[in-house]
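Below is one structure, written out as structure tokens, with a few remarks after it.
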Amino acid sequence: MMARLRLPERRPGSRILGVGVYRPTRVVGNDEICDRIDSSDEWIRRRSGIATRRFAGPDETVISMAAEAARKAMAQSGTDPGDVGMVLLATMSFLEQAPAAAPRVAHLLGARSAGSLDISAACSGFCYALGLADSLVRSGDARTVVVVGSERMSDIVDPADRGTAFLFGDGAGAVVVGPSETPGIGPVVWGSDGERHHVIAHDRSWQEARDGEPWPYMRMAGPEVFRWATRIVPEISREALDRAGLETGDLAAFIPHQANLRIIDAAAKSLDLAPHTAVARDVVTAGNTSAASIPLALDQLLAQGTLPSGGPALLVGFGAGLAHAAQVVTLP
Ligand code: UT7
């Protein structure tokens with residue numbers, strides 16, 4: 001006879017309870033980037049919308065920035081460290097293979113009974129982690145989940161590479177996800193296209209670097225990624241809205257990954273967003289911070305103080321691996 005095992009009590013939904021960010025102190029303008037590449041402030045603003053980004057100093061690590069952002073999200077939501085069941089850290093720029101960064105973040109937060117792991121899904125990592133956090137809370141496997149995106153892209157981007165040097169920045173953003181009587185995180189729509197892994201990828205392995213080759217920098221076939229992004233973002237946006245039972249006109253905010261202002265504006269146009277829908281444009285002053293960009297942009301919109309609490313916001317991540325993910329959430 002098969003033994004019958006007890007399961008935790010399921011919950012009807014989960015939602016974002018609090019948001020926190022960490023922005024490195026050093027602001028870097030386009031002119032400084034142009035010291036190393038043949039470009040101009042005018043070209044960078046016109047082709048990407050970026051005016052400034054932040055670069056982390058030696059003491060601003062993936063772990064310290066993640067912990068600071070998470071601490072703020074926990075303080076805002078009144079979350080006790082003992083109630084955290086899981087810490088999910090989305091990052092593509094933590095340079096140690098093992099252990100992961102998340103256990104050290106959990107330790108800094110005092111979350112002693114939390115599981116912890118890093119999520120490697122590049123610029124869509126935050127949406128992947130949020131989808132998993134929703135499942136963990138609804139299944140009853142974790143009471144609250146701390147979801148963080150933290151990046152030091154300046155460590156993996158070649159400052160002399162004309163195709164990427166101006167685009168990326170550093171920072172961290174976090175949310176606390178906890179139980180809710182009504183669903184506050186909609187179904188996640190996710191996917192990937194490993195066949196096109198090479199369009200955003202490191203140019204060599206760590207093993208080659210060990211054997212005397214130069215540092216493995218991340219390279220990008222910009223125009224090819226751009227074409228893919230302008231197609232996939234509206235596609236999965238519509239699917240996420242549909243699966244959440246909403247229409248574009250219902251959205252209080254549209255918060256896509258902050259890769260390029262032209263991608264954000266093209267997606268907003270393609271979705272035919274209503275005038276009342278706030279569109280996140282944090283990329284202008286933060287650059288592309290990969291897994292950190294969506295919580296950073298969410299925080300920037302919330303700081304404006306005009307978004308309705310409980311209003312629906314559409315989050316859309318996309319990037320390397322050609323991994324992508326989208327979901328509708330209700331605003332804290
Ligand atoms: O976060 C993960 C997902 N990432 C993305 O979604 C990024 C997607 N890609 C992009 O955002 C854009 O492709 C970039 C912003 C990276 C580049 O913009 P673009 O409009 O696609 O530029 P391009 O590479 O097609 O180059 C256009 C022109 C070329 O000159 P010609 O051949 O027209 O004379 C380039 O040589 O601009 C030139 N160019 C530059 N000029 C000044 C390329 N890079 C630069 C530069 N400064 N840094």
Side-chain angles (χ1 to χ4, degrees), residues 28-53 90-93 120-128 149-171 173 190-194 196-202 217-237 255-268 270 280-284 286-297 315-326:
V28 177
N30 290 336
D31 288 340
E32 184 179 333
I33 300 292
C34 295
D35 288 346
R36 299 287 304 273
I37 57 171
D38 175 18
S39 189
S40 67
D41 175 51
E42 188 277 328
W43 189 94
I44 296 171
R45 285 177 195 255
R46 184 163 44 83
R47 304 307 291 175
S48 71
I50 297 168
T52 60
R53 76 286 293 142
T91 184
M92 68 180 293
S93 53
S120 179
C123 301
S124 49
F126 183 79
C127 290
Y128 269 75
S150 183
E151 303 281 16
R152 275 178 62 103
M153 297 304 286
S154 56
D155 284 339
I156 60 168
V157 169
D158 180 356
D161 177 6
R162 206 170 177 231
T164 54
F166 61 93
L167 210 53
F168 292 94
D170 303 337
W190 48 25
S192 63
D193 179 6
R196 290 204 282 164
H197 65 94
H198 54 279
V199 299
I200 315 176
H202 281 276
Y217 280 125
M218 195 192 63
R219 310 284 173 191
M220 182 174 68
E224 193 175 337
V225 177
F226 188 95
R227 280 193 296 278
W228 168 75
T230 49
R231 177 180 62 76
I232 200 80
V233 174
E235 196 177 298
I236 60 174
S237 292
I255 311 176
H257 166 50
Q258 303 287 292
N260 182 325
L261 193 59
R262 286 161 55 220
I263 296 174
I264 296 166
D265 288 342
S270 163
R281 294 192 172 89
D282 193 44
V283 67
V284 175
N288 177 342
T289 56
S290 186
S293 89
I294 290 176
L296 281 166
L315 314 183
V316 193
F318 56 95
L322 299 192
H324 48 277

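Whatever order the structure lists them in is the order used to number ligands and atoms, beginning at 1.
Shown in contact with Val225 at under 4.0 Å from a heavy atom are these atoms of ligand 1, numbered in order with element: 3 (C), 4 (N), 5 (C), 6 (O), 8 (C). Listed by number with element, the atoms of ligand 1 under 4.0 Å from a non-hydrogen atom of Gly222 are 8 (C), 9 (N), 13 (O).
Ligand 1 is approached by Asp38 to a heavy-atom distance shorter than 4.0 Å. Residue Phe318 places a heavy atom under 4.0 Å from ligand 1.
Comparing Trp43, Phe226, Phe166 against atom 44 (N) of ligand 1, the shortest heavy-atom distance belongs to Trp43. Closest heavy-atom approach to atom 23 (P) of ligand 1 within the set Gly319, Pro223, Ala165, Ser124: this belongs to Pro223. Of the listed residues (Leu261, Asn260, Ile263), the one carrying the non-hydrogen atom nearest atom 6 (O) of ligand 1 is Ile263.
Taking any N or O of Asn288, backbone or side chain, at least one lies under 3.5 Å from an N or O belonging to ligand 1. At a 3.5 angstrom cut-off on N or O pairs, Ser40 does not count as close to ligand 1.
Taking a cutoff of 4.0 Å between a charged side-chain nitrogen and a carboxylate oxygen, Asp265 and Arg281 qualify as a salt bridge.
Using modelled atom types, no side-chain atom of Ser124 and backbone atom of Cys127 make a donor-acceptor pair closer than 3.5 Å.
Partners of Arg196 by salt bridge (charged side-chain N to carboxylate O under 4.0 Å, His left out), not counting sequence neighbours, listed by chain and number: Asp193, Glu224.
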